[in-house]
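For reference, the structure is listed below as structure tokens.
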Amino acid sequence: MALRLFDSLSRELRELKPAHPDGVFRFYTCGPTVYAPAHIGNFRTFVVNDVLRRLLELELGRDKVKHVRNVTDVDDKTIKRAREERRPLWEVTREWTDKFHADCAALNCLPPHVEPAATEHIREQVDMIEVLMRKGNAYRAADGSVYFKVSSFDHYGRLSRVKERELQASSALAGKVHAADADEKEDVSDFALWKAWKPEDGDVQWPGPEATSGRPGWHIECSAMSKKHLGDTIDLHTGGVDLLFPHHENEIAQSECCNGATFARHWYHSEFLLVDGKKMSKSLGNLYTLDDLVAKGFSPMALRYALLTGHPRKQLNFTLDSLHAAESALATLRAYRATLPAAGGAPDAFSTVFENLHDDLNTPAALGAFFSIVNRGSGGIDAAAFDRVIFALGLKLDAPVPVKVQAPAAVNAIAERRWAAKQIKDFATADALRNELTAAGWSMLDRKDGYSLEPLKK
RNA sequence: GGCGCGGUAGCCAAGUGGUAAGGCCGAGGUCUGCAAAACCUCUAUGCGUCGGUUCGAUUCCGACCCGCGCCUCCA
């Protein structure tokens with residue numbers, strides 16, 4: 001079953017298949033900048049890419065997909081954070097890289113096969129910059145920084161369809177553009193390949209092109225790491241829509257001018273996650289991290305499910321309610337799974353689910369198809385087929401770990417009295433005591449051999 | 001100003017030129033002393049507004065209204 005995906009460059013659905021003779025699909029995803037915990041919007045992209053990775057493995061074979069996702073561990077934000085905290089850059093970036101990995105694991109994302117860090121590929125970046133300088137696509141400014149000359153690349157703007165960026169200068173944002181442009185560029189459109197060392201960079205510096213110390217620009221990092229680990233031409237390059245311009249546009253310019261080959265055969269961008277109808281931002285106070293949601297009592301799996309309920313190329317409005325819905329939906333799937341025999345069902349029982357997944361990664365339609373089948377009952381379905389769907393979506397249906405919250409002594413005492421009343425079938429008293437527990441914010445779950453107490457869900 | 005996206009039930013969200021998937025919530029029921037869980041049933045004469053094309057439009061076209069994103073921090 002062909003896997004078709006929208007291509008941001010040609011703006012049409014195209015089949016994903018490896019171009020290289022070895023049959024290995026080369027897949028690059030722009031990873032996080034590690035200076036703070038990633039928020040759930042970041043994770044939308046990574047979860048969507050994880051489903052894509054899983055589908056590719058199912059389609060092409062586990063050893064026929066090579067997924068690379070970088071870590072940006074040097075840039076303005078990481079340097080700023082390190083300076084503010086008076087810590088070495090590597091210490092800050094390692095802390096947040098570790099946190100990112102922990103969050104990804106909690107969300108059941110498969111680790112990429114290679115996870116290159118920008119600071120470990122300085123040489124490769126400098127090499128590319130030097131080639132670009134030799135070819136006349138880059139120039140050194142008075143302060144020692146090196147810029148890419150946008151006018152030297154005819155195809156610039158094809159991806160983002162921004163033909164003449166100079167036009168932007170006369171836009172409402174002109175003031176902002178000029179204010180941020182207090183450097184030595186020949187043209188406002190040009191972008192930094194190498195940033196000359198400045199005092200505020202402290203000891204963050206490396207020998208650069210022609211031995212000028214400084215640090216790499218953001219865009220060159222992905223071009224260099226992609227080239228090193230996947231070659232000059234890759235099969236698929238993905239990221240969030242916000243990276244489409246300028247990041248990906250710049251990557252194309254750098255890589256194609258340097259390598260003289262098509263950079264990526266296919267581009268895919270996942271849309272933004274909105275919270276309460278707006279883009280997440282600190283100023284709006286609607287920015288959530290995984291930890292924020294876990295602290296509210298939600299499971300990471302609920303977030304993963306919620307992130308998949310919207311079409312990846314459409315903005316998805318996230319609400320806490322959607323997390324409640326996700327928890328309930330997962331519970332339904334968990335209960336259904338328990339009724340299935342291990343084998344003996346139709347192998348293609350869930351083919352409609354995969355058809356939707358293969359049709360431009362339509363996860364909401366796939367979930368709809370999934371539940372339609374589940375609602376028909378367990379006849380002819382086995383756990384193996386069910387689990388293939390669960391694998392593709394990357395869900396985990398382990399029973400949620402009960403939150404170990406110790407009830408206050410007073411609540412325990414009421415529960416004990418109610419249990420005793422129930423044993424002697426004094427139901428009037430038992431009901432009255434249940435009401436007391438509810439008023440105190442606790443729920444008492446009866447079993448044959450005892451009971452448990454849980455805080456009432458808000 | 002330029003580029004792009006969207007407006008479908010209380011909430012989230014698919015989809016099609018031929019009469020609206022799915023999840024959540026809610027209601028009723030089975031079961032349970034009650035509650036919880038599980039299971040069953042029900043829940044949009046209508047898909048932003050106004051026109052047009054058509055035998056027929058939520059689905060195509062046009063205008064308008066509203067919302068969102070990007071335009072060198074940004075998943």
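Convention: sequence-line order gives letters A, B, ...; per-chain numbering from 1.
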Of all residues at least two apart in sequence or in a different chain, which pass the salt bridge (charged side-chain N to carboxylate O under 4.0 Å, His left out) check with [X]?
X: A:R44; result: none
X: A:E186; result: A:K149
X: A:K80; result: A:E84
X: A:R87; result: A:E85, A:E91, A:E95

Seminar exercise, completed: For residues 358-371 of chain A, the salt bridge (Lys or Arg N to Asp or Glu O under 4.0 Å) pairs (sequence neighbours left out) are A:R313-A:D360

Exercise. What salt bridge (Lys or Arg N to Asp or Glu O under 4.0 Å) pairs are there with at least one residue in residues 234-248 of chain A, not counting sequence neighbours?
Worked result: A:D235-A:R265

Ignoring backbone atoms, test whether [X] places a side-chain nitrogen or oxygen under 4.0 Å from the OP1 or OP2 oxygen of [N].
X: A:T332; N: B:A38; value: no
X: A:N375; N: B:G23; value: yes
X: A:R161; N: B:G4; value: yes

Exercise. With sequence neighbours left out, what residues match A:K422 under side-chain hydrogen bond (donor to acceptor under 3.5 Å, both in side chains)?
Worked result: A:D446

So what does [X] hit on the nucleic acid, given a heavy-atom distance under 4.0 Å: a base, only sugar-phosphate, or nothing?
X: A:S372; value: sugar-phosphate
X: A:D76; value: nothing
X: A:G368; value: base
X: A:T29; value: nothing

For this session: Output every pair passing side chain to side chain donor-acceptor pair (under 3.5 Å) with a member in residues 424-439 of chain A, not counting sequence neighbours, ordered by first then second residue.
Result: A:D426-A:T429

Problem set entry | Pairs involving residues 214-226 of chain A, ordered by first then second residue, that meet side chain to side chain donor-acceptor pair (under 3.5 Å) (sequence neighbours left out) | A:N70-A:E221, A:T72-A:E221, A:D76-A:R215, A:H219-A:H247, A:H219-A:N250, A:S223-A:Q254, A:S223-A:S255

Problem set entry | Toward the 5' end of RNA chain B, by each residue's nearest nucleotide, A:L243 or A:R11 | A:R11

Seminar exercise, completed: Heavy-atom nearest nucleotide on RNA chain B taken for A:R434 and for A:S160; more 5' hit belongs to A:S160

Problem set entry | Nearest to side-chain heavy atoms of A:V188, which nucleotide of B:G23, B:U72, B:C70 | B:U72

Exercise. Considering only B:C25, B:A38, B:G69, which nucleotide approaches the side chain of A:A331 most closely?
Worked result: B:A38

Problem set entry | Other residues, nucleotides, ligands: >12 heavy atoms within 6.0 Å of A:K198 NZ | no

Extract from the structure each pairing of a protein N or O with an N or O of nucleotides 11-14 of chain B at less than 3.5 Å, listing the distance.
from, atom 1, to, atom 2, distance (Å)
B:A13, OP1, A:N317, N, 3.2
B:A14, OP1, A:H311, N, 2.8
B:A14, OP2, A:K314, NZ, 3.0
B:A14, O3', A:N362, ND2, 3.2

Problem set entry | Pairing annotation in dot-bracket form, given for RNA chain B with Watson-Crick or G-U pairs under 3.5 Å and | for cross-strand partners | (((((((..(((.....[...))).(((((.......))))).....(((((..]....))))))))))))....

Exercise. Has the side chain of A:K77 got a donor or acceptor that lies under 3.5 Å from a partner of the other kind on the base of B:C74?
Worked result: no

Exercise. For the side chain of A:D75 and the base of B:C73, is some donor closer than 3.5 Å to an acceptor across the two?
Worked result: no

For this session: With a 4.0 Å heavy-atom cut-off, tell me which residues in residues 417-433 of chain A come close to RNA chain B, sorted by residue number.
Result: A:R418, A:K422, A:F427, A:D431

Problem set entry | Distance in Å, A:L5 CG paired with A:W267 CH2, rounded so as to fall on 0.5 Å steps | 13.5 Å

